[in-house]
Amino acid sequence: MKKVLIVMVVLLTIMGTVFAAGPGDGKTIAFVPKQFGNPYFVAINDAIQEAAEANGFTFRSNAPDSSIEVDRQISIIEAFIAQGVDYLVLIPNDSTAVVNSINTAASQGIPVFLVDSGADESDYVSYIGTDNFAGGQLAAKWFGENVTGQVAIIDGAAGNAATTARYQGFMEEIVNYPNVEVVTADYGNGDMGTSMTVAENFLTAYPDLVGIFCCDDQMAQGAGQAVAARGLNDKIIVAGFDGSPEGAQAILDGVMDMTVAQQPRLMGTTAVDYIIKHMNGESVEPIIYTDCEIVTAENAQDFLEWH
């Protein structure tokens, strides 16, 4: 009998070692992106979930139906706070409107990490994502070197920190290229259909247009479809921002010409890494930038999966 008990203890010890809880055992990470209709946010969600569960956390996520549903996003955040989750990872739809929710979470001992899109001054721990202003500058440099003539811009949504920074970076840099004239801009709200309509309006109002810069790939695909419908692919450059597999395929298909690639999966895994550091009392940088790069037909094949 003693031998049986010893064997059982040994087995339980081995099993306890094999199935040992990770650092997140008993803790929950909740993720609230802008929406799930854009595959970019799904890629971040999947990366956070994989990294969270691999480290023993329970993972939850929820999002509004579109990137302009600010109040709905705030309601989702507040619901997670009321549930007493341990950590919040957010991609704010509005950099100002989310401030009170961030501060409420922090006051209740729930650390907040921002991914991809920032917020105004508030009690979040870190922002992890692209330097969107620099990404906009990178796009403008590419336009300056590859385009001559009138250009239009399709921005994301009012209050969207990420797309606003891309727009601002583009506008600041493009003045260094007198061969490019930005003639108009409008919001596409991160939506393909809306952006198609916006692009159609651009094409009608500016028949000499030679380029459209869109602040994400969903909007660029919509603009590209509008351009293709008029048979203007050879005349008008369409560029996006994200480096999505769909965007890369659109480049290979001739619907788009360029995108600025981000690294959403790296953002997601880094967020979990920094949650664990914070949980262990280690210092955490307030800003962690992930790289971006230009994608064209020459390297689009390499971006048919999220980075």
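- Listed for the Asn132 side chain is no donor-acceptor partner under 3.5 Å among the backbone atoms of Thr163.
- Atoms SG and OH, on Cys214 and Tyr167 in that order, are 13.5 Å from each other to the nearest 0.5 Å.
- Considering only heavy atoms from C-beta on, Gln249 comes within 4.5 Å of Leu304 through its side chain.
- You'll find the side chain of Phe303 stays beyond 4.5 Å of the side chain of Ile251, heavy atoms only.
- Contact annotation: the side chain of Leu88 never approaches that of Tyr124 to less than 4.5 Å [non-hydrogen atoms, C-beta and beyond].
- Distance check: Tyr206 OH to Gln150 CD gives 8.0 Å after rounding to the nearest 0.5 Å.
- Once rounded to the nearest 0.5 Å, the distance linking OG of Ser61 with CZ of Phe80 reads 6.5 Å.
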Trace of the side-chain contact (heavy atoms from CB on, under 4.5 Å) decision for Glu285 with Ser126: CA-CA 6 Å; Glu285 295 88 347; Ser126 292; 5.5 Å; no
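- Heavy atoms from other residues, nucleotides or ligands lying under 6.0 Å from CG of Asp234 number 12 at most.
- Between Phe113 and Tyr87, the angle of the ring planes lies from 30° to 60°, which puts this pair in the tilted group.
- Judged by distance alone, the side chain of Asn280 and the main-chain N or O of Ile276 form a donor-acceptor pair under 3.5 Å.
- Scanning all heavy atoms of the two residues, the minimum distance from Val238 to Gly224 falls at CG1-N, 3.9 Å.
- Side chain of Arg166 to backbone of Cys215: a donor-acceptor contact under 3.5 angstrom is found.
- Using a 4.5 Å cut-off on side-chain heavy atoms (C-beta onward), Gln35 and Gln73 make no contact.
- Proximity of Ile237 to Val210: side-chain heavy atoms (C-beta onward) are nowhere separated by under 4.5 Å.
- Here the closest heavy-atom approach between residue Asn93 and residue Glu69 is recorded as ND2-O, 3.6 Å.
- No more than 12 heavy atoms of other residues, nucleotides or ligands sit less than 6.0 Å from atom CD of Glu121.
- Between Tyr40 and the options Asp216, Asp116, Asp242, a side chain to side chain donor-acceptor pair (under 3.5 Å) holds for only Asp116.
- Residue-environment remark: CD (Glu298) stays at or below the threshold of 12 foreign heavy atoms within 6.0 Å.
- Under the 3.5 Å distance criterion, the side-chain polar atoms of Asn299 are matched with a main-chain donor or acceptor of Thr296.
- A donor and an acceptor atom, one from each side chain of Thr290 and Gln263, are nowhere located under 3.5 Å apart.
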CA sep, side-chain torsions, deciding dist, call: Arg265, Glu305, salt bridge (Lys or Arg N to Asp or Glu O under 4.0 Å): CA-CA 10 Å; Arg265 287 194 57 81; Glu305 293 184 1; over 6 Å; no
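- Between the CD1 atom in Ile153 and the CG atom in Asp186 there is a gap of 11.5 Å [rounded to 0.5 Å].
- Nearest heavy-atom pair, Ala261 versus Val295, reported as atom, atom and distance to 0.1 Å: CB-CG2, 3.6 Å.
- Between atom CD1 of residue Ile154 and atom OG1 of residue Thr184 there is a gap of 10.0 Å, rounded to the nearest 0.5 Å.
- Counting only heavy atoms from C-beta outward, the side chains of Met256 and Asp217 approach each other to under 4.5 Å.
- The two residues Ala152 and Leu209 make their nearest non-hydrogen contact at N-CD1, 3.8 Å.
- No side-chain donor-acceptor contact under 3.5 Å links Thr194 and Asn189.
- The closest donor-acceptor contact from the side chain of Tyr127 to the backbone of Thr130 lies under 3.5 Å.
- Closest approach of Thr164 and Ala157 over heavy atoms only: OG1-O, 4.4 Å.
- With a 4.5 Å cut-off on side-chain heavy atoms, Ile77 and Val112 do not count as touching.
- Panel note: side chain Asn233, backbone Gly254; a donor-acceptor pair is recorded below 3.5 Å.
- A 4.5 Å side-chain heavy-atom check between Phe57 and Ile275 finds at least one atom pair inside the cut-off.
- Nearest heavy atoms, Gly118 versus Pro92: O-CG, 3.7 Å.
- Between the CE atom in Met279 and the NZ atom in Lys27 there is a gap of 6.5 Å [rounded to 0.5 Å].
- For the residue pair Asp120 / Thr96, a side-chain donor-acceptor distance below 3.5 Å is found, with atom types taken as modelled.
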